[in-house]
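Naming: A, B, ... by sequence-line order, numbering from 1 per chain.
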Amino acid sequence: MIDFASADAIAIAAAVRSQAVRAVDVAQAAIDRIAASDLNSFTTVLAESALEQAAAVDATVAQGEDPGQLAGVPFAVKDLFDIAGVVTIAGSKINRDLPPATADAFAVAALKKAGAVLVGALTMDEYAYGFTTENHHYGAVRNPHDRTRIAGGSSGGSAAAVAGGLVPISLGSDTNGSIRVPASLCGILGLKPTYGRLSRSGAYLFCNSLDHIGAFARSIRDIAIVFDLLQGADPSDPVCTSRPPELCSPQIDRGLDGLRIAVADGYFATGAEPDAIAAVEQIAAALGTVDRVTLPEAHRARAAAFIITACEGSNLHLKDLQTRPQDFDPATRDRFFAGAMVPASWYIQAQRFRQWYRDRVRAVFESVDVILAPTTPCSATQIGQEKMTIAGTEMLVRPNFGIFTQPLSFIGLPILSVPLQSRDRLPIGVQLIAAPYQEAKLLRVGAYLEAQGIISAAVAS
Amino acid sequence: MSKIDREQVHKVAHLARLDLTPEEEAQFTTQLSDILEYFEQLSELDTSDVEPTTRAIDVSNVTRPDQLQPYGDREQILDSAPDREGEFFKVPKIMGGE
């Protein structure tokens with residue numbers, strides 16, 4: 001009998017397709033696990049519609065028709081994705097005043113079309129502005145590995161739900177690290193694809209020039225299938241690429257042949273706790289790489305990403321900042337307010353630097369295919385903890401979990417965060433970074449590491 | 001290093017129509033000074049010959065070329081606006097007055 005809580009999406013779909021299990025039983029088991037969970041990862045549970053959808057999958061199977069590649073697989077999405085009939089709250093109080101969404105987001109519709117069963121929406125930092133998912137309105141998401149610790153953010157619910165075995169796959173968004181940071185702290189896989197590779201249509205955006213959507217999972221093959229299903233042009237998201245999809249699932253077992261792999265030094269090799277650095281070295285050793293590369297001026301890239309985020313985010317919410325500032329989460333309001341007062345010349349200088357930096361990094365990828373760097377400077381901190389000490393320097397928790405993620409999403413590179421586990425320590429992630437549209441290379445490296453037993457994402461008990 | 005003072009924050013907040021308490025003005029003076037430090041990091045680098053980008057990755061063909069198409073009924077266009085004055089669209093006053 002399949003263990004629904006620990007099986008990956010592909011295993012569940014195979015069982016449903018072969019009628020070894022019924023999709024309604026899989027869905028009911030997920031709903032029961034969510035109801036019994038203390039992680040605070042869900043803001044909305046869609047039990048009734050999930051069971052209806054699952055029954056439809058079972059009917060399709062019974063008729064001998066194709067129910068889709070993710071037949072009967074329960075999934076959930078960060079609550080900034082539109083779900084038809086549900087208000088998209090984006091972690092806020094303010095958006096509760098909006099009417100319910102009239103249609104599913106592009107990505108939600110694509111997964112449903114493949115037979116996956118939507119069971120609910122997941123807790124996040126307000127308007128995706130944060131790295132901790134300690135939401136003033138909806139509470140803190142708990143880390144499944146240690147309930148007293150944060151899950152990371154802003155897609156904290158998306159990571160905790162997968163790491164805690166509530167659903168095998170989930171969707172999140174990443175502006176400065178919001179998929180990779182919680183993936184690292186919760187010990188699972190998180191893929192932030194190339195900017196513009198996946199349609200964001202129907203997702204409540206935060207910062208248009210930096211926003212990506214992506215997936216969480218516990219196996220490489222699950223990450224690959226979700227990514228493959230979501231690829232494709234969509235005119236309703238003007239930045240979504242018209243490049244033809246490049247399917248990754250058929251490529252993940254190709255091994256490391258021909259891949260040049262190096263560790264990022266300089267900025268990415270300092271300013272982290274020893275376990276973060278050790279994690280990168282452990283991956284490098286497993287891949288047999290000793291090469292080092294430098295991404296120039298990464299600290300400035302982080303500064304520029306910070307400015308662009310504050311400006312674009314505050315512009316989006318300016319009206320509410322003017323008329324109902326008291327309704328924001330105090331933690332996000334402060335930064336939105338500050339962003340609303342930044343001079344235009346600072347913003348334009350940040351965009352100018354972005355062009356410069358992108359050209360320099362592109363040159364680095366002429367000699368390397370995949371770069372390794374820490375995902376977070378340390379493992380999960382305590383819920384409510386305001387300051388942490390990283391490499392001997394005391395700093396605020398909230399803005400600093402993204403020091404290694406921000407300079408990379410800033411120029412839209414595809415990145416997979418892979419989890420390292422150990423018996424007596426909390427999990428931590430390592431970023432695998434490639435040139436734009438080279439997701440398949442990341443997944444090949446991930447699959448190799450998974451097969452070697454170096455990375456793993458077992459459900460936290 | 002130049003710093004931002006409270007008076008500047010007060011002025012900018014007013015221009016942005018943000019209603020800040022004196023405590024918040026003090027708090028954002030510090031926050032904006034932090035952001036200014038980020039900006040100064042960027043200014044240390046010579047990027048004067050680089051065009052700014054607006055995307056993480058540049059996307060082409062996101063807009064179609066403008067196509068001029070004459071429309072015969074001028075009155076109907078003017079009448080379609082919420083408010084008009086003679087042969088002009090009338091819009092709410094947005095500048096001056098304060």
Side-chain angles (χ1 to χ4, degrees), chain A residues 175 194-197 208-212 238-242 297 299-308 310-312 314 318-319 321-323 325 333-343 345-359 399 409-413 436-437, chain B residues 1-66 92 94-95 98:
Chain A
T175 304
T194 308
Y195 179 79
R197 176 80 265 193
N208 187 28
S209 84
L210 289 167
D211 285 334
H212 310 64
V239 308
C240 183
T241 183
S242 55
E297 309 291 349
H299 69 291
R300 294 189 217 273
R302 181 174 178 241
F306 192 99
I307 291 171
I308 291 170
C311 292
E312 291 188 13
S314 63
L318 190 56
K319 185 110 190 131
L321 289 167
Q322 291 166 335
T323 56
R333 182 181 58 208
D334 285 6
R335 285 177 294 167
F336 279 138
F337 262 144
M341 294 187 277
V342 169
S345 62
W346 299 10
Y347 176 77
I348 291 167
Q349 181 62 20
Q351 298 285 31
R352 197 183 295 279
F353 171 78
R354 171 140 73 165
Q355 184 83 286
W356 181 93
Y357 179 67
R358 187 166 57 202
D359 291 345
S409 35
F410 177 55
I411 48 168
L413 303 175
Y437 308 108
Chain B
M1 183 175 287
S2 62
K3 283 283 178 191
I4 290 172
D5 64 32
R6 173 95 174 268
E7 189 51 38
Q8 288 170 304
V9 169
H10 180 78
K11 199 173 155 191
V12 174
H14 178 72
L15 288 171
R17 303 281 192 276
L18 296 173
D19 192 14
L20 301 186
T21 63
E23 295 76 35
E24 285 171 330
E25 276 177 11
Q27 187 186 352
F28 295 132
T29 303
T30 313
Q31 289 207 0
L32 272 178
S33 294
D34 289 348
I35 298 180
L36 176 62
E37 277 179 37
Y38 282 135
F39 171 66
E40 283 171 349
Q41 282 185 36
L42 299 177
S43 304
E44 288 161 9
L45 202 72
D46 181 11
T47 51
S48 52
D49 59 344
V50 182
E51 283 298 308
T53 179
T54 54
R55 301 268 185 243
I57 285 183
D58 279 330
V59 182
S60 56
N61 299 328
V62 295
T63 55
R64 60 161 178 77
D66 284 340
I94 54 166
M95 298 183 78
E98 280 186 46

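The minimum heavy-atom distance between B:A16 and A:Q322, with the atom names listed, is O-NE2, 2.7 Å. Scanning all heavy atoms of the two residues, the minimum distance from A:A338 to B:Q31 falls at CB-OE1, 3.4 Å. Contact record, B:Q41 with A:A303: OE1-CB, 3.8 Å, taken as the closest heavy-atom pair.
Between the CG atom of B:L32 and the CZ atom of A:F337 there is a distance of 12.0 Å, given to the nearest 0.5 Å. A:W346 contributes atom CH2, which lies 10.5 Å from atom CG of B:L42 (distance to the nearest 0.5 angstrom). Note that the CD1 atom of A:I411 and the OG1 atom of B:T53 stand 11.0 Å from one another [nearest 0.5 Å]. Here the CZ-CG distance, from A:F336 to B:L18, works out to 12.5 Å after rounding to the nearest 0.5 Å. In this structure, CG on A:L321 lies 14.5 Å from CZ on B:R17, to the nearest 0.5 angstrom. Here the CE atom belonging to A:M341 is positioned 11.5 Å from the CD atom belonging to B:Q8, to the nearest 0.5 angstrom.
For chain A, the nearby part of B:L20 is the side chain; its heavy atoms alone come within less than 4.5 Å. Looking at B:F28, the atoms closer than 4.5 Å to chain A (heavy atoms on both sides) all sit in the side chain, from C-beta outward. Residue contact with chain B, scored on non-hydrogen atoms closer than 4.5 Å, is absent for A:T323. With a 4.5 angstrom heavy-atom cutoff, A:D334 touches chain B via backbone and side-chain atoms both. Only the side chain of B:Q27 comes within less than 4.5 Å of a heavy atom of chain A; its backbone N, CA, C and O stay farther away.
Considering only residues two or more places apart in sequence or on other chains, A:F306 meets the ring pair (Phe, Tyr, Trp, His ring centres under 6.0 Å) condition with B:Y38. Residues satisfying the ring pair (Phe, Tyr, Trp, His ring centres under 6.0 Å) test with A:Y347, not counting sequence neighbours, are none.
Between chain B and the residues A:G412, A:A340, A:G339, the most heavy-atom pairs under 4.5 angstrom are made by A:G412. The candidate with the highest count of non-hydrogen atom pairs below 4.5 Å against chain A, out of B:D49, B:D34, B:T47, is B:T47. Each of B:I35, B:V9, B:L15 has some count of heavy-atom pairs under 4.5 Å with chain A, and the biggest count is that of B:I35. Contact count against chain A (heavy-atom pairs under 4.5 Å) is highest for B:V50 among B:D19, B:V12, B:T29, B:V50.
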